[in-house]
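Single-structure report; data block below.
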Amino acid sequence: MLEVLNHPLITHKLTQMRRKETGTKDFREYLDEIAELMAYEVCRDLPTRPVEVVTPIGPCTGYELSKEVVIIPILRAGIGLLDGIRRLVPTAKVGFIGLFRDEETLQPQEYFAKFPSGLDESVCMVVDPMLATGGSAVAAIDMIKQRGAKNIKLVCLVGVPEGVRAVQKAHPDVDIYLAAMDDHLNEVGYIVPGLGDAGDRIFGTK
Ligand code: PRP
Ligand code: URA
């Protein structure tokens, strides 16, 4: 399943992020706000179970979340989506995957992994602003599947058809959510028009 969340508020904020003159502070704030808006849609099908509660007026059958949610940002840039999603799911646990793309080969290189227990019973959200070749997302999903994860959602800001196809081929069971589907990758693996290097723009490293 691929869902592109064409919501006017998301599109407006993403457009501000795309502007090359947008600085680190505003870029981070827009990303944080988009993450929260995306989380509302991504969580639409979270499983619930009935629970009996008593209101000040009387008994009532309510529904509460029946599975743990684990948010897994791909370092570094995925960190930019974490707080916005956590505001909507404050009980979520957090795992981390450290990957960077080799600039020559574009292959993901792993440098860190830390997960909470119970991935096999949880809804796992792998989050990263950019889905370019898809190599990083495929590697991250491989890593959590090796640790038992079964119910996986991939949440990215900007993707391209190449990246979506790569994830769908390697992991057809994973639901993919994007804020925008861009046109293509350039010769050095950057999304066109995209928003540049997300990690550098979030952390001010260039
Ligand atoms: C960026 C981005 C993704 C990856 C996408 O990270 O945040 O993780 O590239 O590219 P792919 O789909 O071709 O794998 P980068 O490797 O630049 O690391 P950073 O987040 O530390 O800047
Ligand atoms: N990583 C980024 O940060 N931006 C791109 O356009 C592609 C990969």
Side-chain angles (χ1 to χ4, degrees), residues 2 4 11 13-32 34-35 38 42 71-85 94-115 124-145 152-172 174-206:
L2 166 68
V4 182
T11 309
K13 292 171 197 295
L14 176 59
T15 302
Q16 310 317 310
M17 292 178 72
R18 289 186 192 275
R19 290 179 195 276
K20 66 178 181 198
E21 62 271 23
T22 297
T24 295
K25 174 178 177 291
D26 288 337
F27 189 90
R28 240 187 6 248
E29 288 175 2
Y30 285 125
L31 178 59
D32 178 64
I34 292 175
M38 290 187 78
V42 172
I71 307 166
I72 304 170
I74 301 180
L75 306 177
R76 292 173 304 166
I79 291 277
L81 292 159
L82 179 59
D83 286 350
I85 301 176
V94 181
F96 293 95
I97 291 177
L99 294 174
F100 67 89
R101 282 198 318 179
D102 181 299
E103 285 181 7
E104 299 290 313
T105 66
L106 300 183
Q107 292 305 304
Q109 310 294 315
E110 180 186 333
Y111 62 89
F112 189 72
K114 180 84 181 166
F115 303 104
C124 298
M125 289 183 199
V126 175
V127 305
D128 191 327
M130 311 308 280
L131 180 61
T133 65
S136 302
V138 168
I141 295 167
D142 283 341
M143 289 167 69
I144 60 170
K145 281 190 173 174
I152 302 170
K153 295 170 181 290
L154 174 66
V155 183
C156 300
L157 210 58
V158 183
V160 283
E162 297 93 309
V164 169
R165 277 196 298 271
V167 174
Q168 287 176 330
K169 182 159 181 257
H171 298 293
V174 171
D175 293 337
I176 305 172
Y177 299 84
L178 299 177
M181 178 77 91
D182 275 12
D183 201 55
H184 65 279
L185 293 178
N186 69 14
E187 61 288 351
V188 286
Y190 275 81
I191 294 176
V192 182
L195 41 74
D197 189 303
D200 285 343
R201 295 195 69 185
I202 293 168
F203 296 109
T205 40
K206 230 169 227 171

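We count ligands from 1, going down the list as the structure has it; atoms in each ligand are counted the same way.
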By number and element, which atoms of ligand 1 are closer than 4.0 Å to a non-hydrogen atom of [X]?
{"X": "F100", "answer": "16 (O)"}
{"X": "A77", "answer": "7 (O), 20 (O)"}
{"X": "M130", "answer": "2 (C), 3 (C), 5 (C)"}
{"X": "G199", "answer": "22 (O)"}
{"X": "G134", "answer": "11 (P), 12 (O), 13 (O)"}

### Query
Would R76 and D200 pass as an ion pair if we require N to O under 4.0 Å?
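So R76 pairs with D200 through a salt bridge.
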
### Query
atom 1 (C) of ligand 1: protein heavy atom closer than 4.0 Å?
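For atom 1 (C) of ligand 1 the answer is no, since every protein heavy atom stays at 4.0 Å or beyond.
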
#### Entry: Heavy-atom protein neighbour under 4.0 angstrom from atom 16 (O) of ligand 1
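Protein heavy atoms within 4.0 Å of atom 16 (O) of ligand 1 - there is at least one.
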
### Summary
Partner of I72 under side-chain contact (heavy atoms from CB on, under 4.5 Å), picked from I97, V127, D128, is I97

Do [X] and [Y] have side-chain heavy atoms sitting under 4.5 Å apart?
{"X": "K145", "Y": "I152", "answer": "yes"}
{"X": "M38", "Y": "V155", "answer": "yes"}
{"X": "I85", "Y": "V42", "answer": "no"}
{"X": "K114", "Y": "F112", "answer": "yes"}
{"X": "E29", "Y": "K25", "answer": "yes"}
{"X": "I141", "Y": "C124", "answer": "no"}
{"X": "D142", "Y": "H171", "answer": "yes"}

Output block, N or O contacts of ligand 2, threshold 3.5 Å exclusive:
residue	atom	partner	partner atom	Å
ligand 2	3 (O)	A198	N	2.8
ligand 2	4 (N)	G196	O	2.8
ligand 2	6 (O)	I191	N	2.8

Students should be able to answer this: which protein heavy-atom is nearest to [atom], and at what distance?
{"atom": "atom 4 (C) of ligand 1", "result": "S136 OG, 3.6 Å"}
{"atom": "atom 21 (O) of ligand 1", "result": "R76 NE, 2.9 Å"}
{"atom": "atom 3 (C) of ligand 1", "result": "D128 OD2, 3.0 Å"}
{"atom": "atom 10 (O) of ligand 1", "result": "R101 CD, 3.2 Å"}

Below 3.5 Å, can you tabulate the donor-acceptor pairs from side chains in residues 180-195 to any protein atom, sequence neighbours excluded?
residue	atom	partner	partner atom	Å
D182	OD1	R18	NH2	2.8
D182	OD2	R18	NH1	2.8
D182	OD2	G194	N	2.7
N186	OD1	V188	N	3.0
N186	OD1	G189	N	3.1
N186	OD1	Y190	N	2.9
Y190	OH	D197	OD2	2.9

### Query
So, Q168 versus R165: side-chain donor-acceptor pair below 3.5 Å or not?
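Checked: Q168/R165 side chains show no N/O donor-acceptor pair below 3.5 Å.
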
### L131 N/O to ligand 1 N/O under 3.5 Å
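No: no nitrogen or oxygen of L131 is under 3.5 Å from one in ligand 1.
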
#### Entry: Trace of the side chain to side chain contact (heavy atoms under 4.5 Å, CB included) decision for I79 with I202
CA-CA 9 Å; I79 291 277; I202 293 168; over 6 Å; no

### Query
If only atom types and distance count, is the side chain of R201 paired as donor or acceptor with the main-chain N or O of M17 below 3.5 Å?
yes

### Task
Consider ligand 1: state whether an atom of it lies below 4.0 angstrom from any non-hydrogen atom of L106.
no

### Task
Using a 4.0 Å heavy-atom cut-off, say whether A198 meets ligand 1 through its side chain, its backbone, both or neither.
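Neither; no heavy atom under 4.0 Å.
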
### Query
ligand 1 versus T133, non-hydrogen atoms closer than 4.0 Å: side chain, backbone, both, neither?
both

